[in-house]
Amino acid sequence: MLSNVISAVYFSLWVSSCVVNSAEDPYMTRALRLMSETPLIDGHNDLPWQLRKQFNNELNKVDLHTLSSTHTNIKKIKDGRLGAQFWSAYVPCETQYKDAVRQTLEQIDVVHRMCQEYPDTFMFATSADDIHKAFGMNKTASLIGVEGGHSIDSSLGTLRTMYHLGVRYLTLTHSCNTPWADNWLVDSGSEPSEHNGLSPFGKQLVVEMNRLGMLIDLAHVTVAVMSQVLDMSKAPVIFSHSSAYSICPHKRNVPDDILRRVNHTRGIVMVNFYNDYVTCSKTAKISDVADHFDHIKKVGGADIVGFGGDYDGVTRLPEGLEDVSKVPKVVAELLKRNWTDEEVKAALGNNLLRVLKEAEQVRDSLKNTRPDDVPIPYDEVKNTCRTSYGYQISGAIRPLSSVALVLTLVLQATVVFTA
């Protein structure tokens, strides 16, 4: 009898707690429901780079369930309802002209190994259909984005190889110019323009990315590059981790005229949570992040906005958004600001799914187009770490080495002397 009374009391307390919690935060309840119906797709997470920095990519020394030195681990992913993630295959600009390709391939390998090591959590994905499939299996769809054009070493063949390895977007630059595109620092005045946007080879690259079905990521580039790509790309573009310039006038953010063009071309801007891009200061709040969502929706419409937190790639995050587990708070804040269910679902994942599907449709429409195999002119990439094999240099495949040249002159002199 006593046990029945105690059970009844506990049940009453549990019900009361649920009612109180729901009454206290009905927006979070609604947010979690929407996130159970539509996958949250985040455009940029640098966990693979943290695995290199902290463990030199030795995954056998890491337990992603308990890893505490990063913004991202498996528990945080589950708590944050992360439906799909573009993991960044990033290597620093210092690798340009050196070992960028090797290091990038190693970062791609890390993402594949994460999926193999934790198959109950991650499913490797390369398409919109894969994202839907993973979401239905309660797994996080894991896609790859290469952050920085220096990672392909100005090679269309390398671009294609990375696509075959599962890469589905390329950020055209990081914070350095490539031999074919200018980066955002040019707009800040701290670096000179080298190409007035894109070089002719940069435009070749855009066309080839359309043919492959690889998304063109315009985070980190100049406004001139943004405009040129929007002029010529047949597929929608993405900004994988950028915010609104009108809210925070940082050159990494997207100005209003570009937001309107993204709307006209059916692309997406995925909001970055880095304080410096949210408030242009060292501190920020969840409401400040929501201001960027509101502004992008106001200028470009709800169909162009998404999430691009930049977790594990930044040093300062808003209060309340300290790691990936906290993202539902942004969703609740948008609902509090009278975003409709459909608008929230669009931002969560439906916008990115549409962009990815349309890029796939462009790819399919170009299936009879042959790959572009015209290389970048050698003079545009010539440096001490690069050989010229295949290029015709002054009428020869390769210039004679100094030793060979001396031997040739000696032999010629000998022939003349003996004659």
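Along the sequence shown, the residues carry numbers beginning at 1. Basis for what follows: all heavy atoms, side chains included, without hydrogens, waters or symmetry-related copies.
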Exercise. Just jot down the salt bridge (Lys or Arg N to Asp or Glu O under 4.0 Å) partners of Lys345, sequence neighbours excluded, or say none.
Key: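 If we apply the salt bridge (Lys or Arg N to Asp or Glu O under 4.0 Å) test to Lys345, skipping adjacent residues, the hits are Glu37.
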Side chains of [Y] and [X]: any donor to acceptor distance under 3.5 Å?
X: Arg386; Y: Tyr97; value: no
X: Ser127; Y: Asp129; value: no
X: Ser246; Y: Asp256; value: yes

Quiz prompt | Residue pairs involving residues 257-317 (criterion disulfide bond (SG atoms under 2.5 Å apart); sequence neighbours excluded) | solution =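 Qualifying pairs, neighbours excluded: Cys248-Cys280.
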Self-check item: Distance, nearest 0.5 Å, that separates CG of Leu143 from CH2 of Trp87
Solution: 10.5 Å
Quiz item: What distance separates Lys357 NZ from Asn350 CG, expressed to the nearest 0.5 Å?
Solution: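 One finds 8.0 Å between NZ of Lys357 and CG of Asn350.
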Quiz item: When you look at Tyr245 and Arg252, which way does the side-chain contact (heavy atoms from CB on, under 4.5 Å) test go after all the steps?
Solution: CA-CA 8 Å; Tyr245 185 84; Arg252 269 283 282 106; over 6 Å; no
Quiz item: Are Arg354 and Asp303 within salt-bridge range, i.e. N to O under 4.0 Å?
Solution: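 Judged by the 4.0 Å cut-off on N to carboxylate O distance, Arg354 and Asp303 do not form a salt bridge.
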Exercise. Examine distances only and state if a side-chain atom of Asn272 and a backbone atom of His241 form a donor-acceptor pair shorter than 3.5 Å.
Key: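 Pair found, side chain donor or acceptor close to backbone of His241.
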Self-check item: Ring centres under 6.0 angstrom apart (Tyr277, His250)
Solution: yes
Self-check item: Partners passing ring pair (Phe, Tyr, Trp, His ring centres under 6.0 Å) against His292 (at least two apart in sequence or in another chain)
Solution: none
